[in-house]
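Heads up, the thing below is written out as structure tokens.
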Amino acid sequence: DGGITQSPKYLFRKEGQNVTLSCEQNLNHDAMYWYRQDPGQGLRLIYYSQIVNDFQKGDIAEGYSVSREKKESFPLTVTSAQKNPTAFYLCASRRQGSYGYTFGSGTRLTVV
Amino acid sequence: QKEVEQNSGPLSVPEGAIASLNCTYSDRVSQSFFWYRQYSGKSPELIMSIYSNGDKEDGRFTAQLNKASQYVSLLIRDSQPSDSATYLCAVSSGGYQKVTFGTGTKLQVIP
């Protein structure tokens with residue numbers, strides 16, 4: 001079955017560390033997205049990519065980085081420059097046209 | 001002004017009743033409208049898409065769109081306790097343009 005796989009499900013990071021969240025899809029979708037969800041604030045767009053080797057900043061890109069070397073993969077790195085990284089991170093993909101997102105199951109990141 | 005607005009709730013309805021969830025948006029060029037259901041601790045799941053004015057029905061769910069009033073709604077008939085979740089309204093101007101989400105309305109269906 002096609003879908004989006006995010007790993008790990010839970011991640012703990014020490015202050016000052018970079019961590020990378022994995023996102024893989026086998027839906028053959030061109031576009032992929034990273035959102036962050038905090039309580040009471042809805043989903044906020046971090047980065048998105050419409051094609052391989054190209055990506056754009058979203059509304060809250062500071063302290064994050066991404067790569068899109070393969071169509072199936074869109075990893076997100078949370079750097080030490082992100083001051084408040086504790087959140088629920090959601091990866092999504094979308095097929096060409098005006099269709100809704102398919103979401104992965106999310107990664108819950110906690111700074112300890 | 002928020003781009004997509006929803007009442008955060010909670011909206012409480014008795015089992016078997018109709019739940020009515022509302023959403024307004026600010027961008028007049030928006031073309032695609034979505035409703036997602038999100039259970040606590042889980043990721044959002046797409047339940048309805050609507051692109052033209054009027055009603056779209058899918059089982060117990062009906063999405064309603066009024067572009068002139070910039071208003072989208074979701075009706076859930078014969079509400080069940082399993083419908084208890086947060087419902088996110090989302091709007092896009094089309095193509096690969098980003099989808100903007102509201103903060104969601106929490107629905108509680110009381111047995």
Side-chain angles (χ1 to χ4, degrees), chain A residues 3-7 9-10 21 23 25 27 29-52 54-61 68 71 74 87-110, chain B residues 1-10 21 23-27 29-52 56 58 61 63 65 67 72 74 85-106:
Chain A
I4 299 180
T5 301
Q6 287 188 245
S7 62
K9 198 174 182 70
Y10 299 96
L21 282 58
C23 178
Q25 56 104 352
L27 299 165
H29 288 175
D30 289 309
M32 297 185 74
Y33 306 80
W34 274 104
Y35 281 85
R36 167 181 172 145
Q37 188 174 34
D38 296 279
Q41 294 197 42
L43 276 68
R44 292 185 290 167
L45 182 64
I46 304 172
Y47 268 99
Y48 65 103
S49 168
Q50 297 177 358
I51 56 172
V52 174
D54 187 48
F55 47 83
Q56 288 77 41
K57 293 182 179 180
D59 301 318
I60 56 164
R68 187 87 186 275
K71 187 175 183 178
F74 191 41
F88 189 41
Y89 289 86
L90 289 159
C91 179
S93 70
R94 190 180 190 191
R95 55 187 278 203
Q96 190 173 10
S98 297
Y99 299 99
Y101 290 156
T102 299
F103 282 94
S105 57
T107 292
R108 199 166 295 277
L109 173 63
T110 303
Chain B
Q1 182 186 4
K2 289 184 181 177
E3 295 180 50
V4 181
E5 293 209 42
Q6 297 181 255
N7 187 320
S8 61
L21 304 159
C23 171
T24 58
Y25 61 94
S26 59
D27 188 351
V29 302
S30 298
Q31 298 179 8
S32 307
F33 307 86
F34 309 96
W35 283 99
Y36 289 82
R37 177 177 62 200
Q38 186 175 24
Y39 293 113
S40 181
K42 303 295 185 183
S43 61
E45 172 193 11
L46 180 66
I47 56 173
M48 289 290 284
S49 306
I50 187 166
Y51 307 103
S52 55
K56 179 181 178 183
D58 184 0
F61 299 100
L65 174 61
K67 289 186 177 180
V72 191
L74 179 70
T86 296
Y87 289 81
L88 303 172
C89 173
V91 173
S92 173
S93 56
Y96 282 140
Q97 294 300 313
K98 68 174 185 177
V99 174
T100 301
F101 288 82
T103 54
T105 297
K106 186 172 183 178

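Here is how names work: the chains are called A, B, and so on, in the same order as the sequence lines, proteins then strands, and each is numbered from 1.
- B/S32 OG to A/R94 CZ: the interatomic distance, rounded to the nearest 0.5 Å, is 6.5 Å.
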Q.
As a quick check of understanding, evaluate side chain to side chain contact (heavy atoms under 4.5 Å, CB included) for B/F34 and A/Y101, giving each step before the final call.
A. CA-CA 9 Å; B/F34 309 96; A/Y101 290 156; over 6 Å; no

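- In this structure A/Q25 satisfies the side-chain hydrogen bond (donor to acceptor under 3.5 Å, both in side chains) test with no other residue, sequence neighbours excluded.
- If you measure heavy-atom distances from A/Q37 to chain B, the contacts under 4.5 Å come from the side chain alone.
- Heavy atoms of B/F33 lying under 4.5 Å from chain A are absent altogether.
- Summarising the local packing, NZ of B/K106 is surrounded by 12 or fewer heavy atoms from other residues, nucleotides or ligands at distances under 6.0 Å.
- Atom-to-atom distance recorded for A/F88:CZ and B/Q38:CD is 6.5 Å, nearest 0.5 angstrom.
- Listed by first and then second residue, the salt bridge (charged side-chain N to carboxylate O under 4.0 Å, His left out) pairs that reach into residues 38-49 of chain A are A/R36-A/D38, A/D38-A/R44, sequence neighbours excluded.
- Taking each heavy atom of B/L46 and A/G100 in turn, the nearest pair found is CD2-CA, 4.0 Å.
- With rounding to the nearest 0.5 Å, the separation of CZ in B/F101 from OH in A/Y35 is 5.0 Å.
- Closest non-hydrogen pair, A/S105 versus B/S43, comes out as CA-OG, 3.8 Å.
- When the shell of 6.0 Å around NZ of B/K42 is examined, it contains 12 or fewer heavy atoms from other residues, nucleotides or ligands.
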